[in-house]
Amino acid sequence: MTTSLSRRTALARGALALTAMALAAPAQAQTQPQAEIPVGWVLPLSGGSAAIGQQARAGVQIAVEQINAAGGIKALNGAKLKLVFADSQSKPDIGVSETERLIQRENVAVMSGAFNSAVTFPATEVAERYKTPWIVMGAVKDEITERNFKYVFRINNKATYDAREQLDAMDLLKKETGQGPKTLAIFYEGSDWGRSHAANVRKLAKERGYTLVLDEAAPPNQVDFSAQLLKIRAARPDALIAAFYTPDHLLLSRQLLEQQLNLPYGVHSVGGGTEDPSFYKAISPKAVAYYFVQEDRQVDALQGARLPEFTDVETKFKAQLGYDMSAYGAQGFAVMYVIKDALERARSADRQALRDAVAATDITAGPALYAGYQRIKFDEQGQNTFAHGAISQNLNGQRRTVWPAESRSPETKPAWPVPAFGARS
């Protein structure tokens, strides 16, 4: 009787132990380290934005080299990051199909990209549907982070911020000098980015008492802006706000110079082509003299001098592409460190766990701030509300920060109003 009872007790205990092991197995499996964590990137590696896509990719690769060389994701026993790139070709439909491929076939843990707003907007819908976190790089269309999505986050400015910074700079220079524009023209590329920016300029210009005398979207694939420049000349704006990718901005800048179209308070370009180092390699310095540029990253600040992690970043970037670090390279670099931070805190590459960790991000120091921000923290819509840019003016062949005033060096003297073409040397 005692023996039978002992056996039943032992069997019961064994069954309980097996049950406990079975229940514990999923939790233990979840914490098992992965040899590699795939990270998906959709970028314009060909097409009209290819130069910028290449810059972003270089920044991403440099960051991953650093992270893996330093021991990978320590909370996951040193798991290495594996990059999986896809080329959007700067086309929305390609970006969407490539996003689905990376999520479904490549089984990436997290997505990023895609620079072009027209690609990023629909591609992030795919990521949301598959419950895969996506950290936006470069794309500024407001609605990207205004859809109540739970898996989409953005570290950089939205279009509202860009437009506000442009008008803030005009208001500052007007206050400092007692003179400034009263009438504005806006000329922009006709896809999601340009239209989002123009909508914000319209709203803010009206609020601040500026009069819009021209509001023109450019059709795609134009080879001549002469007709639009005739309209601008006829409207006689005091200043021109422009939003174009690199190929179109090259065309616009060359034709503005050829036609000697004077704008008393200058051309004010929002990022895009005028932040692209390849743009400046392909254009005469005379064509961009006195340009104002809304920069995603303060170009005349020694960002790399702040942290030892940045010592060789810009050297490697220049060795790969032949020019200095761009805002887009810096954003790609920064996004990878945001992903690293989230993986360390999540202690998992599970998409839901990673999404929750990204949502809880609050970074105030380290390589993730290389893009120029002082903090990265997302609001309930996924927007980093601490994102900001700067406004530069091209003076003597160099882009120098003129706004905000506290970031302007004592040696920088804005040209306001700008010299007419006939008065330039």
Side-chain angles (χ1 to χ4, degrees), residues 43-45 47-59 90 115-116 138 156 162 165-166 169 187-189 193 225 240-259 261 263 266-304 313-333 371-372 389-403 407 409 411-412 414-415 418-419 421 424-425:
L43 289 169
L45 301 175
S49 300
I52 288 171
Q54 300 288 350
Q55 293 159 32
R57 183 172 66 174
S90 308
F115 176 66
N116 303 100
N156 55 270
D162 285 350
E165 289 174 4
Q166 285 189 301
F187 185 34
Y188 49 95
E189 62 90 29
W193 167 48
F225 284 142
L240 171 67
I241 294 177
F244 287 100
Y245 293 118
T246 304
D248 286 338
H249 227 314
L250 284 169
L251 176 62
L252 173 64
S253 299
R254 287 169 179 152
Q255 291 194 302
L256 282 170
L257 176 63
E258 288 168 3
Q259 298 191 20
L261 205 165
L263 298 151
V267 175
H268 297 252
S269 174
V270 57
T274 47
E275 278 192 283
D276 178 1
S278 72
F279 169 85
Y280 292 96
K281 291 187 76 172
I283 195 80
S284 165
K286 291 182 179 180
V288 292
Y290 306 106
Y291 263 31
F292 293 91
V293 177
Q294 188 279 326
E295 310 271 4
D296 287 297
R297 179 174 184 258
Q298 188 178 337
V299 292
D300 53 356
L302 297 175
Q303 301 284 351
V313 171
E314 292 177 2
T315 300
K316 288 182 177 179
F317 184 90
K318 190 167 186 176
Q320 285 189 41
L321 297 179
Y323 38 70
D324 291 335
M325 176 62 74
S326 70
Y328 309 116
Q331 285 180 12
F333 181 93
I391 305 296
S392 70
Q393 187 178 26
N394 197 307
L395 300 168
N396 299 315
Q398 300 291 324
R399 284 141 65 202
R400 298 298 183 192
T401 299
V402 297
W403 179 94
S407 297
S409 74
E411 295 78 25
T412 298
V418 305
F421 279 105
R424 300 179 189 182
S425 57

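As the structure is a computational prediction, the values presented were derived from the model and not from experiment. Worth knowing before you read on, the calculation uses all heavy atoms, side chains too, and leaves out hydrogens, waters and symmetry mates.
- Side-chain contact between Phe333 and Phe317 is absent, with no heavy atoms from C-beta onward closer than 4.5 Å.
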Under 3.5 Å, sequence neighbours excluded: what are the donor-acceptor pairs made by side chains of residues 243-251?
| residue | atom | partner | partner atom | Å |
| --- | --- | --- | --- | --- |
| Thr246 | OG1 | Asp276 | OD2 | 2.7 |
| His249 | NE2 | Ser269 | OG | 2.9 |

Working for side-chain contact (heavy atoms from CB on, under 4.5 Å), residues Ile241 and Val270:
CA-CA 8 Å; Ile241 294 177; Val270 57; 5.5 Å; no

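- Within the 3.5 Å criterion, the main-chain N or O of Arg400 finds no donor-acceptor partner in the side chain of Asp300.
- For the pair Gln393 (side chain) and Ala415 (backbone), a donor-acceptor distance under 3.5 Å is present.
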What do the steps show when you test Asn116 against Trp193 for side-chain contact (heavy atoms from CB on, under 4.5 Å), and what is the final call?
CA-CA 7 Å; Asn116 303 100; Trp193 167 48; over 6 Å; no

Residues Leu395, Thr412; criterion side-chain contact (heavy atoms from CB on, under 4.5 Å); working and verdict:
CA-CA 8 Å; Leu395 300 168; Thr412 298; 4.0 Å; yes

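- Tested against Val288 for a side-chain contact (heavy atoms from CB on, under 4.5 Å), the candidates Leu256, Val293, Ile283 yield a single pass: Ile283.
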Test Arg424 against Tyr290 for side-chain contact (heavy atoms from CB on, under 4.5 Å), laying out the working first.
CA-CA 10 Å; Arg424 300 179 189 182; Tyr290 306 106; 3.7 Å; yes

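- Remark: Phe292 pairs with His268, Trp416 by the ring-ring contact (aromatic ring centres under 6.0 Å, His included) rule, at least two apart or across chains.
- No donor-acceptor distance shorter than 3.5 angstrom exists from the side chain of Tyr328 to the backbone of Arg57, with no hydrogens or angles considered.
- Listed for the Ser326 side chain is a donor-acceptor partner under 3.5 Å among the backbone atoms of Gly329.
- Taking the centre of each ring, Tyr323 and Tyr280 stay at or above the 6.0 Å mark.
- In summary, the side chains of Gln294 and Glu165 do present a donor paired with an acceptor at a separation below 3.5 Å, with no hydrogens or angles considered.
- Between Ala242 and Leu252, the closest heavy-atom pair is CB-CD2, 4.1 Å.
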